[in-house]
Amino acid sequence: MEKKKTIKQIIVFYVMSVSIILGALLTLVMIISSFVSTDSILMENLQMMAKTSSQNVSSNLHLLTDRMANLALEDILTDQEAPKEEKQKVLDERESRIEFVWLGGYDLSGQKLYGDETAPENIAEEKYYTYLTKTNNIVIDEPYYADDIWQLCVALPMTRDGEVVSYLVGSYKYDLLNDVLSNINIGATGSSYMINEEGVIIADKDLENMQKHENIYELYNSGRNKEIFDDMINSQTGSESMSLHGIRHYVAYAPVPGTNWTLIIDAPRREFQKILFTSVFLCVLIAVILLVVSRYVIIKMADSISDSLSLATGRLTALSEGNLKDEVVLAETNDEAEVLTNALAKTISSMDGYINDIKSSLGFLSEGDYSKEVPDTFHGDFAAIREALSAITVSLNETMQRINRSSQAVNENSSEVSGYAKRLYDGSMEQAVALERLRDSIQKITDQIDHIAESASQVKKCANGAEDKVSQGREHMGSMLETMHDIYENMQDITQISQLIEEISSQTSLLALNASIEAARAGESGRGFAVVAQQIGVLADQTADALKQTGDIIGQANISIEKGLKTADLTADSFKEIYTATEKFTEISQGMARVVSEQEEAVSMVTREVDKVLEIANTNQQLAKETDETAALSLTQAEELGEVVAAVKLKEGELE
C-alpha cells in the first residue's frame with residue numbers, strides 16, 4: 001500500500017514547487033530578454049558601424065577621384081598637339097607629390113599614348129574600360145594584384161571643347177582602403193570585407209582572402225543567406241543574424257556610395273555571449289541558494305503546523321477506524337488546533353450517544369417489531385438521522401400493509417392466470433392442429449402448381465417450335481410469290497414474242513402471195529419461184545396456226561398464273577395471321593409461365609409464414625404451460641408471503 005504524504009511534506013512540496021517554477025520562469029525570462037536585447041543592440045551598432053565605414057571608404061575614394069580630376073584639368077594633357085615629353089613631365093611632377101603606383105594616358109581605343117613604364121600598354125580588356133566608355137565619367141576599378149603589390153585604379157575621360165579626347169588612368173596603393181577595413185575591429189575573430197555587384201569578395205583586411213576571389217553565394221550557400229545577399233548587392237542597408245558554416249554570426253552591411261560595392265561586417269555571435277552565459281550562470285546559482293534557504297524556512301514553519309495538528313489527526317485516524325471510547329488529548333496552543341481538538345471531543349461524545357440510539361432502534365426492526373418509536377435525542381444536523389429512522393419505520397409499516405394486500409391480490413390473480421393459461425394451452429393445441437392441416441393443403445397446391453409449371457414449360461416449348469416453323473413457312477411462301485411473279489413477267493414477254501412472230505407470219509404470207517402473183521406474171525421462168533412461194537405461204541399458214549394454238553395456251557397459262565398469284569397472296573396472308581396468332585400464343589405461354597412462377601413464390605412465402613405461425617403456436621403452447629406452472633408457484637408464494645406478514649408486529653391501526 002502506498003504511504004500517504006504528511007501535511008508537512010505537502011506544504012514543503014507545493015511551496016517549493018511554486019518557488020522553483022517562479023524562479024525558473026523569472027530566470028528564463030531574464031535570459032531570453034538578455035539575449036534579445038544583446039542581439040538588438042549589437043546589430044544596431046554593427047549597422048551604424050557599417051554605414052560609417054562605407055562612408056569612410058567613399059570619402060577615401062572621392063579623395064582619389066578628386067586628385068585625378070585635378071590632374072585632368074591640366075590643359076597640356078588635353079592638347080593633342082602638345083609633345084608627349086611635356087605631358088610625361090606633368091605626370092612625373094604629380095607622382096612626386098602623390099603616391100601613385102603609375103600614371104598613363106590612353107586614346108579612345110585603350111592604347112597607351114604616354115605614361116610610366118609600369119603602366120599597361122593597352123586597357124581595352126580591363127573591366128573599368130568598359131564602364132569608362134559607357135558612362136564617360138570617373139570609374140574606380142576593383143582592387144587587383146600586380147608587381148607584388150595590391151593596387152586600385154581610377155580612370156576618367158579628358159575632354160576638350162566638350163568632347164572626350166583621351167583617358168587618364170592612375171593606380172593607387174590598396175592601403176588607402178585597407179586602412180579603413182583594418183580599423184574595423186569587432187570581437188577577436190570579426191571580419192570586414194567588400195563585395196562587388198556579383199557577390200565576389202574584392203577587398204578584405206586579410207589580404208590572403210582577397211587572392212581567393214571567393215563568391216559569398218558559394219561560400220555561405222543557403223536559401224536564407226541568398227535572400228540577405230540579394231539585399232546586399234541591391235544596395236540595401238541592414239543587419240541580420242546569419243548562419244555561416246554552421247556558426248551564428250552578426251552581419252551588418254551597407255553600400256559604398258559612388259560604387260557598386262557593398263561593405264560587410266560580421267562577427268561570431270558566441271564572442272558576445274560569453275558574458276551573458278556567465279551572468280546566466282550567476283543568476284541560476286543565486287536562485288538555487290535562495291531556494292535552499294527558503295526550503296529551510298518552509299520546513300521550520302511546516303514543523304510547527306504539523307505538531308499542532310498531530311493531536312487531532314491521530315484521534316481522527318482512530319475515529320475513522322471506529323474507536324469512540326478513547327478520550328481526545330486537547331491542544332493548548334491558542335490557535336485553530338486547540339479549537340479543532342475541543343470540537344473533536346464534543347463530536348465523538350455526541351456520535352457515541354447517537355450510535356447507541358440507532359443500534360437500539362435497528363435492533364427492534366431486526367426482530368420484526370415495527371411499533372417502537374425512535375428516541376428524541378438527536379440534535380442539529382443529526383436530527384435528520386432520527387427523521388430517517390422514523391420514516392423507515394413508517395415506510396416499513398406501509399410496505400408490509402401493501403405486501404399483505406398484494407399477497408391477497410396475487411393469490412386471486414394466480415388462480416385466474418392458471419385458468420387463462422389452461423385455456424390458452426388448449427387453444428394453442430387446436431391452432432397447431434389447424435395449421436398442420438393448412439400446411440398439408442398448401443403442399444398439395446404446391447404439387448399441383450409444379451405440375452402446371454411443367455405443362456406450361458412444355459406449352460412454351462411447343463409455341464416456340466410452332467413459331468419457328470411458321471416463320472420458316474412464311475419465308476418459303478415469300479420466295480414462291482417472288483418466283484410466280486417472275487414467271488408471270490416471263491409469260492408476258494413470251495406473249496409479246498408470239499405476237500411479233502404472228503406479225504412476221506402475216507408478212508411472210510403476204511410476201512408469198514405477192515411472189516406467186518409475180519411468178520404467174522413471169523410465166524415459165526417463174527414457175528419454180530411460184531412453187532417456192534407456194535411452200536412459203538403453206539409454212540406461213542402453218543406458223544399462223546401454231547401461233548394461234550400457242551396464244552391460246554399462253555392465255556390459259558396467264559389465267560392459271562393469275563389465279564395462282566391470288567391463291568399465293570391469300571396463302572401468304574394466312575401465314576401472316578398464323579404467325580401473329582403464334583406470337584400471341586407464345587406471349588400467353590410466357591405469361592402463364594410467369595404466373596406459375598409468381599404462384600410458386602407466393603405459395604412458398606405462405607408456407608414460410610405458416611411455418612412461422614406454427615412455430616409461434618408451439619411457443620404459445622409452451623408459454624401457456626409455463627404460465628400455468630408459474631401461476632401455481634405464485635399462488636404458493638403468495639400464501640407463504642401472507643404467513644410472513646402475519647408474523648410481523650405493526651403499529652395498531654396500520655394493518656387493514
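Using a 4.0 Å cut-off between a side-chain N of Lys or Arg and a carboxylate O of Asp or Glu, K127 and E197 qualify as a salt bridge. Taking 4.0 Å as the cut-off between side-chain N and carboxylate O, K87 and E74 do not count as a salt-bridged pair. With salt bridges taken as basic N to acidic carboxylate O contacts below 4.0 Å, one links R224 and E227.
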Practice task
Kindly determine whether R270 and I247 satisfy side chain to side chain contact (heavy atoms under 4.5 Å, CB included), including the steps that lead there.
Solution key: CA-CA 9 Å; R270 60 191 176 188; I247 300 174; 3.9 Å; yes
Practice task
Please report the C-alpha distance between L64 and L152 in whole Å, then the side-chain angles of each, then the deciding distance to 0.1 Å, and finally whether the side chain to side chain contact (heavy atoms under 4.5 Å, CB included) criterion is met.
Solution key: CA-CA 10 Å; L64 299 181; L152 183 67; 3.9 Å; yes
Exercise for the section: Give the intermediate values and the outcome of side chain to side chain contact (heavy atoms under 4.5 Å, CB included) for residues N209 and E214. Expected result: CA-CA 8 Å; N209 293 334; E214 293 178 315; 5.6 Å; no
Exercise for the section: Dump the intermediate steps for side chain to side chain contact (heavy atoms under 4.5 Å, CB included) on H245 and Y220, then the final yes or no. Expected result: CA-CA 7 Å; H245 294 310; Y220 309 117; 3.4 Å; yes
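Atom NZ of K173 has 12 or fewer heavy atoms from other residues, nucleotides or ligands within 6.0 Å.
Looking at Y172 and M68, their side chains come closer than 4.5 Å, going by heavy atoms from C-beta outward. You'll find the side chain of Y217 reaches within 4.5 Å of the side chain of D230, heavy atoms only. Between M194 and I201, the closest side-chain pair of non-hydrogen atoms is not below 4.5 Å. When side chains are defined from C-beta on, Y253 counts as touching D231, because their heavy atoms get closer than 4.5 Å. A 4.5 Å side-chain heavy-atom check between Q47 and K51 finds at least one atom pair inside the cut-off. Side-chain contact check for I195 versus I202: every heavy-atom pair is 4.5 Å or farther apart. Between M210 and P143 the shortest side-chain heavy-atom distance falls below 4.5 Å. No side-chain heavy atom of V251 sits under 4.5 Å from any side-chain heavy atom of L46.
Between the side chains of D107 and S166, not a single donor N or O lies within less than 3.5 Å of an accepting N or O. In this model, no donor atom of one side chain and acceptor atom of the other lie less than 3.5 Å apart for Q88 and Y114. Defined by atom type and a distance below 3.5 Å, a donor-acceptor pair is missing between the side-chain atoms of W102 and E117. There is no side-chain donor-acceptor pair under 3.5 Å between E198 and N215.
Ring to ring, Y106 and Y167 are not that close: their centroids are 6.0 angstrom or more apart.
Nearest heavy atoms, T118 versus V101: OG1-O, 3.9 Å. Taking all atoms of both residues into account, the shortest heavy-atom contact from A72 to T78 is O-CG2, 4.1 Å. Counting all heavy atoms, side chain and backbone alike, V165 lies closest to R160 at CG1-CB, 4.0 Å. Looking at every heavy atom in both residues, S171 comes nearest to Q151 through OG-OE1, 2.6 Å.
Atom-to-atom distance recorded for N196:CG and E142:CD is 4.5 Å, nearest 0.5 angstrom. Atom-to-atom distance recorded for I228:CD1 and S222:OG is 7.5 Å, nearest 0.5 angstrom. Within the model, atoms OG1 of T52 and CG of N183 stand 13.0 Å from one another, a figure rounded to the nearest 0.5 Å. The distance from atom CG of D204 to atom CD of Q211, rounded to the nearest 0.5 Å, is 11.0 Å.
Between V139 and the choices T130, L132, T65, the side-chain contact (heavy atoms from CB on, under 4.5 Å) rule is met once, by L132.
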Using a 3.5 Å cut-off and no angle test, enumerate the donor-acceptor pairs between side-chain atoms of residues 257-265 and protein atoms at least two apart in sequence or in another chain.
residue	atom	partner	partner atom	Å
T259	OG1	V256	O	2.9
T259	OG1	W261	N	3.2
T262	OG1	M232	O	2.9

